Amino acid sequence: MEHPYIPNAVPEVKASMLAATGAADIEEFYADIPESLRLRRPLDLPPPLRGEAELVRHVGGLLDRNTSTRDALSFLGGGCYAHHVPAVCDEVNSRSEFLTAYAGEPYEDHGRFQALWEYQSLMGELLEMDVVNVPVYDGFQATATALRMAARITGRGRVALATPIDPDLRSKLDDYLKGAVTLGGPVDGDDLAAVYIGYPTFLGVVDPRIPSHVEAAHAAGGLAVVGCDPIGLGVLAPPSSFGADIVCGDIQSLGMHPQYGGGHAGFIATRDEERFVEEFPSRLFGLVPTTVDGEYGFGDVAYERTSFARREQGKEWVGTAAALWGITAGVYLALMGPTGMRELGEGLMARCRHLKDLLAGIDGIEIPDAGLPHLKEFVVTFTGRTVAEVNAALRERGIFGGHDLSEDFPHLGRSALYCVTELHTKADLDRLAAELKEVLA
Amino acid sequence: MEHPYIPNAVPEVKASMLAATGAADIEEFYADIPESLRLRRPLDLPPPLRGEAELVRHVGGLLDRNTSTRDALSFLGGGCYAHHVPAVCDEVNSRSEFLTAYAGEPYEDHGRFQALWEYQSLMGELLEMDVVNVPVYDGFQATATALRMAARITGRGRVALATPIDPDLRSKLDDYLKGAVTLGGPVDGDDLAAVYIGYPTFLGVVDPRIPSHVEAAHAAGGLAVVGCDPIGLGVLAPPSSFGADIVCGDIQSLGMHPQYGGGHAGFIATRDEERFVEEFPSRLFGLVPTTVDGEYGFGDVAYERTSFARREQGKEWVGTAAALWGITAGVYLALMGPTGMRELGEGLMARCRHLKDLLAGIDGIEIPDAGLPHLKEFVVTFTGRTVAEVNAALRERGIFGGHDLSEDFPHLGRSALYCVTELHTKADLDRLAAELKEVLA
Amino acid sequence: WDEPLLFELSQPGQRGILPPALEPGLAADAADELPAALRRERPAALPELAQNAVLRHYLRLSQENLGADLNIDIGQGTCTMKYSPKVNDRLVAGHKLAALHPRQDDETAQGVLEILWRLERMLAEISGMDRVSLQPGAGSAAIWTNVAMIRAYHESRGEGHRDQVITTIFSHPSNAACAKTAGYEVITLYPDADGYPDLDALKAAVSDRTAALLITNPEDTGIFNPRIAEFVEAVHAVGGLACYDQANANGVLGITRARDAGFDLCHFNLHKTFSTPHACGGPAAGACGVSAELVPFLPRPTVEFDGERYFLDDDRPESVGKVRPFTGVAPNLVRAYSWIASLGAEGLREVAEIAVLNNNYLMTQMLKIRGISAPYAKGRRRIEQVRYSWEELAEETGVHSEDLGHRAADYGVHYWTSHHPYVVPEPATLEPTESYSKRDLDEYVAIMNAVAEEAYADPETVRTAPHRSSVHLNKEETLDDAGAWAVTWRAYRRKNAER
Amino acid sequence: WDEPLLFELSQPGQRGILPPALEPGLAADAADELPAALRRERPAALPELAQNAVLRHYLRLSQENLGADLNIDIGQGTCTMKYSPKVNDRLVAGHKLAALHPRQDDETAQGVLEILWRLERMLAEISGMDRVSLQPGAGSAAIWTNVAMIRAYHESRGEGHRDQVITTIFSHPSNAACAKTAGYEVITLYPDADGYPDLDALKAAVSDRTAALLITNPEDTGIFNPRIAEFVEAVHAVGGLACYDQANANGVLGITRARDAGFDLCHFNLHKTFSTPHACGGPAAGACGVSAELVPFLPRPTVEFDGERYFLDDDRPESVGKVRPFTGVAPNLVRAYSWIASLGAEGLREVAEIAVLNNNYLMTQMLKIRGISAPYAKGRRRIEQVRYSWEELAEETGVHSEDLGHRAADYGVHYWTSHHPYVVPEPATLEPTESYSKRDLDEYVAIMNAVAEEAYADPETVRTAPHRSSVHLNKEETLDDAGAWAVTWRAYRRKNAER
């Protein structure tokens, strides 16, 4: 039976093509593979589901066993967020032309180049920085590379961590920076390549001391690297305004569904100085004149930096990453515009404020940083039951409680990171408070 | 607040445009509407859900209250069918270019014309007929028009019904044919414009007497109008092969989701004779040479027939109908090909056979036409409980039982029309039988 | 793309999709039950293509098409080519609507029933009518439904002798054609010097044979008939019904209502004013609003609410019955509901006002173009559209309106002339709706201006357009020649072979 | 389309989408809590556009793009541009995956966890490896992950002194670059006369400083190295690890397996061999297979099954840790699973065989074109791709490979030259995969032939191509000039103003 994905499997076609090549059979093409390496049995795989309907039923049936954040009321965050995804974002990124293109030249793929350059430009406006890269894999990779860039730019080897960071990010940094950059220590000293600042921090705080960390780093001759979730920048000052040299983070919030962690893409932004630009490993698309006056072309800026051009002589390495999410984030920012981003930020802080106030009033709950501003996440400490117990009880009630911090941040006690988004109505927040009150009673 | 759907609501823009028109305010444009006709209060509508996220939650929340045929195991048919819809069908009909185009000329909408002409051609091959129209609204409309066409072609005014038909279709015909065509009576007589034959019948039977009805109609100087669900034509002979003059029906089976009745579109097919073609009220796209040699153009065949061209002098009337479903049915037939249609038909009959055999063995069930061939539907008669009782019990068990015929076909007793599709696995059919056994025990 | 026909791409043996396999225990030969005469002998001569070949073909065809999402689609006047929000498309794509079977028990369809019920109330408020049927498949089907109700109404009162329907030449052809199909004699009113339907002619036409007046307002000219209430009265005076074709309702949402002018019936095209996508010409959706007297005749079933649950009511003895299968084009009804819900009363009024502003702004700019005019009601405003005339240009250059439209296609836009007959000579009908920005309108005018100037400077280029489209001018004569027309590939091949 | 930049389309005051309104009871001024220094003062200078204007812009840009669905996309050799089935896209688009949060309790994610678990077993069988990590974001990230595991492995055995990694020039640049980034000295082997990496050079290079060999096979030339097992042995002999870059696995599915040749690690690009869409350059997905010895070092968490439930195991003390957030690019993992599930063992083998048939057929036809050659291993077959050379054509016409590629864009296809350095002069790399039909391949060859003939007949036309694309030749020098390059609109405007 000819498979719909393999057109030339039709026997007559196969035969005529074989004839054209002069080969007796397909085995002949494999003549260079020694018999000792040949697998002479069929792969041990489940029987195929060739009919599309059967496949849909099988895979769809498995996925249906999941309970999604649309099925439940979720307060999970911690690096992945269920913000609203505008329908136009999904529409654009599901277009065949974007979804199935790859690495064409600026000429046949003008649209892709323009869309990604526009993404860079929109992020540039949000961040008020002149250089933004084509997305890397995720915020982890962006952060790791930003810190390596800082080390290369300064010729120094230590990065101080000014704010609590995601333990998973720490794990990534430990691996990726090994042998090149050490992490920790004071925001001081002539070995200081940079200070890394979370804005907000992993625990959701917009720390008023951030500008002083930046100053301290600069005073020591180091750079300030600020990690941020761009979703807040409608109300939060762009890090460049208080002196950040490199800004990095994840754009998942800007129009990507959570996708069980599949919606991530990382950005790195700097000023437009050659010593910064030359240290990017990733692609940077640039606007360029063409042979036709007034026409906009696009191409790779300073391509010789990259490992594509110079293999191990390039900066770190570059490959396929997360371009489609860059295009999507561009669509998101174009839809939101300046006013949308401001209103969204205000809405996040208002909901966050409301939930903090509600929860602070419940017996058995403390909000450690209640007095500090939070964008959309904050820590909730349970004085009695464990987070696991509370979350299990909430799950029974159709609620996904906050991310359990108890193991990673033992000094916080029985704590969880609660996240609100603009999708939470006041009634949702009130419902959480009411259920928590019952659970903790 | 400027609504995203109304760009020029921006006050400055509004003002500049007003200025260009020389009008003082928008009221001026309404000067011709007498004050007595003006609504001087706001419409009494619910407050708007301007934010897309709020809208999605509201409408999505309402829709989530439905239990779909994916949530339940359904045996409903009777004119609307949950066949498998290939992903490529959905992909093509959700393309902006097709979804939001309308009535452009052959030049800017060449793709639409070609896709619809190809639909006509694909249906033509399935039916082995040379003329197929751009889809009308649904099978009801197609049938009603086919019968009016038969009356106009023959100059006679009565259509005999050779097979049981959907009571809803009968209702449509009673309204639409009133004053033009009478329904009923023998397949004989010099007033006989046509005989109408369901193939299969509304009750699912592929009636072996069909060719003899065709012969009888022809003998009386009338036409044979055959209504059919094209999904079966991979195994069923095309009606043209046994002499049908006009074939009509609904293409919902060919790649349209049920959509609570929103997936219907009607076809009418005839031989390529002027006396037939000239009686179509609907559009017929034709292949046409252009000023460039060898180029295929497309346009309207015999446009002067239509009410677009000649208002009440045209044949019946024509308007926006269901073109996108025609394009989709074309995609479906192109994907299925001759072998797919044959295999599908064989699969339907095999499942139908299996279920008939299973149910026939259950106490309390009789299959009235068990001995006749059925494509995908057949009548099940309950000797004890009512269909309503059986269906309520099945619903409790996550099954949608067959469509209740008790009221519309009282002579069949407590009967229901059960439908299988290629989506039913053997296990599904066995499950129905097991549950029915319990329910009827 | 220079995309061949599907049939030319066929490669025997290839498969686009495979149906589910027959499991053991199912009879592979069940089709052998069929009597020989009803068993297909030779497979259908469908093309054979791998899945990506089918996809590529249709994607390329899609790119050879414009669509409201892609261009400044203001040239299909009377069609109300407004933005169809993508979010509404996505709302109806999920299985909670797509996989809903219309014969399901009402208990399992409460969500969609509630939406239909709410949509009916919204449209009743917008039209001022008492009840609204959502069953018709589109505008012309709604006109048919209204005509059917009119017929049933008169018959129920023993006035089946009323055999005339009056309409106007600027009302959609389906008004005349549906009335004719229902057995009525059609009387058509032409415009007076101001472009309004002639009231005197109406008064002369009405009689005890009058079943109804079917009329649009504003008509396709965009001119609102200020004496519309008098038209209604004149018909009522003789016992006829007044039926309002509100396909062109976009300029009057929240401004004026059908019932307030005395109409007994009206209809909306939900794919026009209420934003559901035009889909290459459907599926669309129509809605028929009626006053209390006509309610018994509404198509069945209606959607009812008993305070706890929603249900379909099929027990309506005076109903005209079914005008289409089941309860209507549900996905478009949900889209229309979503669109109204996203705008509310204030938003709908803004839609109307901006549509009218856009139209009058566009008219101001268009009339600066050489050779164009806006016949009738000189110096007066228009509502939501304008029927322009290129008569002067045609006389001076020999280039016709149709040619200009073809040439505009070379610039990525187009327009529609008008329905026949061309009462306005060399017509072009533009309707900008509320969806297009000032920038868009200015761009469209610039293109039209360029094309018009070209008609004066180089008429041949315009007459032989399109030049940059996927295809060139058709040799139209083939389409009206029964010996040559080719509605299908099989007919084309046969006729070609016979030549 | 001649589509402007988004910023040029901005119309102040327009909105593309509105966030949810603040309900009563929520503090509209909550942002005032922020210290002044951290409060945004002026709004971001983002463009302001209505929703349909944003949509139209991006739809037009999409139409100015090719994509595997639209063209005969065999010109991006090494990229395995196969058909990405639409059904798989639709399976991952629903909320049951899209709205799944990666921090959900495993109990609520059993469906996706089962799919990941099953996919790992499938890929383990296909590679012969013991376990497979699905966490890496794409191919280069998978290479990095393998290098990180190699480093951790040697360190765990007290052999941290091993500081050299050996690779080949026809292996993907990321092999060299990742090794360098991890701190290794990189030794690169060049091909011998037959195009194979030089075994003698390898034997000379290995030592107790050797951490690993990172090698592709078949390499980008499409030539399978028959002595690959000897390469592995040579590295093993000095205590090094052998790591197989299986980005190019499409021709060997079910034919030969990494572990069977003795490799300790390998990786697949799921967006290549396993059909997930290329998405303009990601999101993609990588998979790292390892032998039992390397299992402790796999990224965490792993997906485990206790016989009843699936769960994430984060308690892996020797793990290299996280290489990306959470558990990988879940939608692509589900797509890859679906693709394998739809083909099975027999289908995968047919994929490989037809990909290889297509490639050798294509080579036969391509080599008939004037001026082209396939360097190395003359007269021998290739596996899934071929690196061609236009050296002869370039010498005879002065037209370079890149120019020919640009000209091909005018015909709606394109090709990619090669990674730098151009070891093969004037390279062009074609990989037809199993997705394209004979007809497609013939069409592609015909275009290439036409372009090559044109290079001889009219070299200037080819050198100045593209002529029919959305855009013309870039003035490349701007891109390397720090005073002129413009990575963002704000930089462009600033530099323009400064001029």
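Chain naming here is simple, since letters A, B, ... match the order of the sequence lines and numbering starts at 1 in each. Quick caveat, the model's predicted, so the values are computed rather than measured.
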At a heavy-atom separation under 4.5 Å, does C:Y492 approach chain B through its side chain, its backbone, both, or neither? side chain

Is it the side chain or the backbone of C:Q14 that comes within 4.5 Å of chain B heavy atoms, both, or neither? neither

Side chain, backbone, both or neither: which part of C:R324 has an atom under 4.5 Å from a heavy atom of chain B? both

Leading residue by heavy atom contact count with chain B [cutoff under 4.5 Å; candidates C:A284, C:G347, C:A28, C:S338]: C:S338

Do you know which of C:K322, C:K180, C:E434, C:M81 has the most heavy-atom pairs with chain B at a distance under 4.5 angstrom? C:K322

Most chain B-contacting option - heavy-atom pairs closer than 4.5 Å, from C:Q51, C:E41, C:E125: C:E125

Side chain from CB out, backbone as N, CA, C, O: work out which of these in C:N474 comes under 4.5 Å of a heavy atom of chain B, or both, or neither. both

So, the part of C:T188 with a heavy atom under 4.5 Å from chain B: the answer is side chain

Any side-chain donor-acceptor pair under 3.5 Å between C:H57 and C:E3? yes

Where on C:R380 is there a heavy atom nearer than 4.5 Å to chain B: the side chain, the backbone, both, or neither? side chain

Ring centres under 6.0 Å, that's the criterion: do C:Y337 and B:H58 meet it? yes

Just checking, is any N or O donor in the side chain of C:S140 or C:S174 under 3.5 Å from an acceptor N or O on the other one? yes

Name the option with the most non-hydrogen atom pairs under 4.5 Å to chain B; the candidates are C:T464, C:I255, C:N360. C:I255

Is the distance between the ring centroids of C:H420 and B:F308 under 6.0 Å? no

Pair C:N358, B:N8: side-chain N/O donor-acceptor within cut-off below 3.5 Å: yes

Taking atom types as modelled and ignoring hydrogens, do the side chains of C:S470 and B:Y107 form a donor-acceptor contact shorter than 3.5 angstrom? no

What part of C:P466 gets within 4.5 angstrom of chain B, counting heavy atoms only: side chain, backbone, both, or neither? side chain

Of all residues at least two apart in sequence or in a different chain, which pass the side chain to side chain contact (heavy atoms under 4.5 Å, CB included) check with B:E295? B:T290, B:V292, C:V471, C:H472

Just checking, is any N or O donor in the side chain of C:E114 or C:Q110 under 3.5 Å from an acceptor N or O on the other one? no

Checking heavy atoms, do the side chain of B:V88, its backbone, both or neither come under 4.5 Å from chain C? side chain

Contact origin within C:H95 toward chain B - heavy atom pairs under 4.5 Å: both

With a 4.5 angstrom heavy-atom cut-off, which part of C:E353 approaches chain B: side chain, backbone, both or neither? both

Is the B:H110 ring parallel, tilted or perpendicular to the B:F298 ring (thresholds 30°, 60°)? tilted

Between B:R112 and B:G104 (side chain of the first, backbone of the second, donor and acceptor by atom type, cut-off under 3.5 Å), is there such a pair? yes

Heavy-atom pairs under 4.5 Å with chain B: which of C:F326, C:F224, C:Y83, C:Y436 has the most? C:F224

Applying a strict 4.5 Å limit to non-hydrogen atoms, the region of C:I383 in contact with chain B is side chain

So, the part of C:V112 with a heavy atom under 4.5 Å from chain B: the answer is both

Given the options C:A179, C:A176, C:G321, which has more heavy-atom pairs under 4.5 Å with chain B than any of the others? C:A176

Where on C:T364 is there a heavy atom nearer than 4.5 Å to chain B: the side chain, the backbone, both, or neither? side chain

